[in-house]
Protein chains: 2
Amino acid sequence: MLKIGALASLTGVSRDTLRFYEKHGLITPGTRTVSGYRLYSKTDVYRISFILSAKEVGFTLNEIHQLLELEVTKDEKSCHDVKQFVDNKIQVVNQRLIEMKKIKQSLKTLSNACCGGDEPATHCTILGALSTHNRQ
Amino acid sequence: MLKIGALASLTGVSRDTLRFYEKHGLITPGTRTVSGYRLYSKTDVYRISFILSAKEVGFTLNEIHQLLELEVTKDEKSCHDVKQFVDNKIQVVNQRLIEMKKIKQSLKTLSNACCGGDEPATHCTILGALSTHNRQ
DNA sequence: ATAAAGGATGGAGTATAGTCCAGAGTCAAG
DNA sequence: CTTGACTCTGGACTATACTCCATCCTTTAT
């Protein structure tokens, strides 16, 4: 059982942010002490690290909340909706992966054009670097 | 030469947003008509699409501004700084790519657990799906 | 010639995601 | 039994990225 400060230092998320996430339904301490202190379990650490990953990926707290709420049971009526929601998110992630790789390539080209690198000097701006791989 | 409305509909970015980007130095029309209308060139379309990609990737407008400002000339003093800045961004992108793939895998697992898929029912939440590939 | 469509400026308002107090209670160590 | 570290709540404040006016000017079509 972790108090808020312990969870904060384990995850690198501030106490205020943890309370903020709680207010928005992303994480709730399973119990409280008699005096009202929040008590988190070990799995809450995973929950937070999921939230952090998902944020990194570009999901909003709202979307992350929805993802965390999802529970698939094979026979449930809502199953189709859940699958659709998740598959939609996969598409979003795929699109971002594509943009990501495009930009990474441009950054690499730009980095190579620099300091006696092997790329021609025409790639001397990020737009130049991008266009080489993007247009044509 | 495009007026703001034309650029807006070509890029899918609103007029207000274009003016907002201008205020923040991300894009500036090369000229204005006598009456003060903004006139954009065709390369401004690429500029906007770069901004959109970079946003998708998770860069802030501030970072995008810096990326767009970059100009590498092989002999410049600032060359090292530019390279360092760009290489740093590449690291950031790499980290996001990793998170991205992790989450994509979790979403896929979750999707498969659903509606008579082939994954066991233990993966019935996003955290369950994530932990399978993440812990152990 | 005039109305509708589009553009300009400046400023207010909104959503998201925190961040930072103030004031008060709690707990562990010396 | 007090001091210092930690926690609680509620509310104010901040940064980012738009978005939406109001008011006025310009252009285009009829």
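Every value quoted in this text rests on a predicted model; they were computed, and no experiment measured them. To find a chain, count down the sequence lines: A is the first, B the second, and so on, and within it residues start at 1.
For DNA chain D, the contact window with chain A, defined by any atom under 4.0 Å from a protein heavy atom, covers D:dC6 to D:dT9 in 5' to 3' order.
Applying the 4.5 Å side-chain rule to ILVMFWY residues, one finds that B:Val34 remains a lone member of its cluster. Residues A:Leu39 make up the rest of the hydrophobic cluster containing A:Met1, defined by ILVMFWY side-chain heavy atoms closer than 4.5 Å, directly or through other members.
Phosphate contact (OP1/OP2 of C:dG6, side-chain N/O of B:Arg15, threshold under 4.0 Å): absent.
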> Could you write nucleotides 11-30 of chain C as a row of B, S and -, 5' to 3', where a protein heavy atom under 4.0 Å of any base atom gives B, of only sugar-phosphate atoms gives S, and otherwise -?
Replying inline: ------BBSB----BBS---

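For the pair B:Glu22 CD and C:dT9 C1', the interatomic distance rounds to 12 Å; values are reported in whole Å. Distance B:Leu18 CG to C:dG6 C1': 14 Å, rounded to the nearest Å.
The residues A:Arg47 and A:Asp44 are annotated as not salt-bridged, no charged nitrogen and carboxylate oxygen being separated by less than 4.0 angstrom.
For A:Thr11, the side chain to side chain contact (heavy atoms under 4.5 Å, CB included) test picks out A:Leu7, A:Val13, A:Val45, A:Ile48, with sequence neighbours left out. Applying the ring-ring contact (aromatic ring centres under 6.0 Å, His included) rule to B:Phe59 yields no partners; only residues at least two apart in sequence or on another chain are considered.
No side-chain heavy atom of A:Thr60 sits under 4.5 Å from any side-chain heavy atom of A:His65.
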>> Run A:Gln91 and A:Asp87 through side chain to side chain contact (heavy atoms under 4.5 Å, CB included) and show every step you take.
In response: CA-CA 6 Å; A:Gln91 285 317 302; A:Asp87 287 350; 6.0 Å; no

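For the residue pair B:Glu99 / A:Ser53, a side-chain donor-acceptor distance below 3.5 Å is found, with atom types taken as modelled.
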